[in-house]
Amino acid sequence: MNIEVNLHPNYRVFAMSPVEVIEELLTWSRDEMIAWLCWIDPLGIYTDKEMIVEYGDILWRNQAVELILYKIEAMGEE
């Protein structure tokens with residue numbers, strides 16, 4: 001049985017290779033990526049409102065992809 005199929009998408013990306021994660025993220029909207037980042041790191045600054053206040057700009061889609069890949073890699077090292 002393929003357990004990844006039954007996992008919530010927030011967890012499923014941890015079972016993927018980096019290439020598969022990138023392919024998966026291509027199907028996600030920017031808002032979905034921000035929601036995932038907020039889920040994995042609730043104390044982080046990812047929403048447009050928080051980003052503008054803290055950094056003066058929003059989190060762009062390509063930055064969100066890089067952050068997600070970083071978070072997955074960092075979680076694998078723990």
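As the structure is a computational prediction, the values presented were derived from the model and not from experiment.
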Gap separating the CD1 atom of Ile52 from the OG1 atom of Thr47, nearest 0.5 angstrom:
9.0 Å
Please determine whether residues Met33 and Ile45 belong to a single hydrophobic cluster, defined as Ile, Leu, Val, Met, Phe, Trp and Tyr linked transitively by side-chain heavy-atom distances below 4.5 Å.
yes
Is there a continuous path of hydrophobic side-chain contacts, each under 4.5 Å between heavy atoms, that joins Trp36 to Trp60?
no
Using 0.5 Å steps for rounding, measure from the CD atom of Glu73 to the CG atom of Leu69.
8.5 Å
Minimal heavy-atom distance between Met75 and Ile40, with the atoms involved, is CE-CD1, 4.3 Å
Could you give me the CA-CA distance, side-chain angles and deciding distance for Leu67 and Asp41, then say whether side-chain contact (heavy atoms from CB on, under 4.5 Å) is met?
CA-CA 11 Å; Leu67 273 171; Asp41 183 9; over 6 Å; no
Heavy-atom side-chain contact between Ile34 and Asp48 under 4.5 Å:
yes
Heavy-atom closest contact (Met51 atom, Asp57 atom, distance)
CB-O, 3.1 Å
Closest non-hydrogen contact found for Tyr46 with Leu37 is CE1-O, 3.6 Å
Group every Ile, Leu, Val, Met, Phe, Trp and Tyr by side-chain heavy-atom contacts under 4.5 Å, then state whether Ile68 and Tyr55 land in the same group.
yes
Which of Leu26, Val21, Leu25 passes side-chain contact (heavy atoms from CB on, under 4.5 Å) with Val65? Answer is Leu25
Evaluate the ring planes of Tyr11 and Trp39, with Trp represented by its six-membered ring, and classify them as parallel (under 30°), tilted (30 to 60°) or perpendicular (over 60°).
perpendicular
